[in-house]
Number of protein chains: 2
Amino acid sequence: MLLDAAGELMRESGYASVTSRRLAAKAGLKPQLIHYYFRTMDDLFLALFRRVEDDLVRRQNAVVGAEKPLRALWDLISDRQDVALAYEFVALANHRAAIREEIARFGDKFRKAQIKILDQILAKSGVDTRVWPPTFVSVLINSLARSLAVQDALGAKLGHPEALAIINRFIDQVDKGSN
Amino acid sequence: MLLDAAGELMRESGYASVTSRRLAAKAGLKPQLIHYYFRTMDDLFLALFRRVEDDLVRRQNAVVGAEKPLRALWDLISDRQDVALAYEFVALANHRAAIREEIARFGDKFRKAQIKILDQILAKSGVDTRVWPPTFVSVLINSLARSLAVQDALGAKLGHPEALAIINRFIDQVDKGSN
DNA sequence: GTCTATACTTCGATAGAC
DNA sequence: GTCTATCGAAGTATAGAC
């Protein structure tokens, strides 16, 4: 419950506003209880990150069974809430070594799993994997999805429709061949 | 001088560590002087952002005259220092409305200028702009450059060599035709 | 412009009673 | 597990002397 509240606070107001006092207020507890469950705030941030991490890996694995797997993957990595949280964690990692290491570890783990999944999706789709190697597609779609999501959230959308048209065409083509 | 120090602090330790006390310490001043030059910390962040903004637009305009213009643009938007700062500002924008608006405004302005430049570069290069519309190339290279830079900085580099090989091939092809 | 002094708030974290 | 009490540090910001 505390981690839920912490995540919400972080997405809405940034990592700097996740303080023991504010978090406690949101959860209807006394600030001291935060330190009972998580000795330091670093412990809390790490616990939250690991939780989000597990959830993302689990959801990513689930796209394999979807009717339109690449679309499902794209939607997953485009999720506004997730992207906002990811940005906060990256900024947080800038001055918390423990977080930075965990993010780096996760980044590679998530990508490794994603490449495996894309390998299957692309093979079934009939797309030429010499032109579109799964590794490249992974880097490509994650970059695009996150950039578009964050810029959209900020309110800068110039060029997005044109880009999305091309991206959607690619996704649909892959998912069409997939069935 | 203060803005230089603030930018450095922000890149190194995150926006949350840009406080009047720490900034003053770094600059060898008393904390109260910060408030003399910038009444509030918001004013300071805005002033810093506008400064970085102008600098980026200026540097982007300069790539037109470069021998390898697309490579010059790619290097510009891949700059580790700039990307780190950009992430901090986005995170900061999450809970400072004034910053968010300024970033959105800049995002569209920067992209608009970039599309214009890419229009020239791509036209000269002989690349088929029906396959590679300048707007799409703009969204694409900014997404890729920033994602790769930030992940690199964190220490997650899985798949980067493969992606860069493909990106570099495209850039070289464009710049080759450009001369 | 730079200083001292200072007000007020919020922070992380611990001790100890129940 | 939850409470009261409390410490010391750090934050933003203002007033006023020089």
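Bear in mind that the values here come from a model prediction, so they are computed numbers and not experimental data. Chain identifiers are assigned alphabetically (A, B, ...) following the order of the sequence lines, protein sequences preceding nucleic acid strands; residue numbering begins at 1 within each chain.
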Check your understanding: Does a nitrogen or oxygen in the side chain of Thr19(A) sit under 4.0 Å from OP1 or OP2 of dC11(C)?
Key -> yes

Study note, to complete from the structure: Taken to the nearest whole Å, CG/Leu23(B) to C1'/dA13(D) is 15 Å

For residues 148-159 of chain A, please give each side-chain donor-acceptor pair under 3.5 Å, one per line with the distance, not counting sequence neighbours.
residue	atom	partner	partner atom	Å
Gln151(A)	OE1	His160(A)	NE2	3.0
Gln151(A)	OE1	Arg111(B)	NH1	3.2
Asp152(A)	OD2	Arg80(A)	NH2	2.9

Review point. Would Arg59(A) and Asp79(A) count as a side chain to side chain contact (heavy atoms under 4.5 Å, CB included) if you check the C-alpha gap in whole Å, the side-chain angles of each, and the deciding distance to 0.1 Å?
Key: CA-CA 12 Å; Arg59(A) 280 156 66 202; Asp79(A) 186 287; 4.2 Å; yes

Study note, to complete from the structure: From NZ of Lys30(A) across to P of dG12(C) the rounded distance in Å is 17 Å

Point to revise | ring-ring contact (aromatic ring centres under 6.0 Å, His included) against Tyr37(A), all qualifying residues, sequence neighbours excluded | key: none

Point to revise | Nucleotide-resolved protein contact map, nucleotides 13-18 of chain C, B/S/- at heavy-atom distance under 4.0 Å | key: BB----

Point to revise | ring-ring contact (aromatic ring centres under 6.0 Å, His included) partners of residues 3-32 of chain A, not counting sequence neighbours, each pair once | key: Tyr15(A)-His95(A), Tyr15(A)-Tyr15(B)

Study note, to complete from the structure: In whole angstroms, the gap separating C1' of dC3(C) from CD1 of Ile34(B) amounts to 14 Å

Return a table of donor-acceptor pairs under 3.5 angstrom between the side chains of residues 127-137 of chain B and protein atoms on other chains or two or more places apart.
residue	atom	partner	partner atom	Å
Asp128(B)	OD1	Arg130(B)	N	2.8
Asp128(B)	OD2	Arg130(B)	NH2	3.4

Exercise for review: Give the rounded distance in Å between these two atoms: CG of Leu33(B) and P of dA13(D).
Suggested key: 15 Å

Review point. How is the hydrophobic cluster of Met1(B) composed, in terms of its other members, when Ile, Leu, Val, Met, Phe, Trp and Tyr link through side-chain heavy atoms under 4.5 Å apart, directly or indirectly?
Key: none

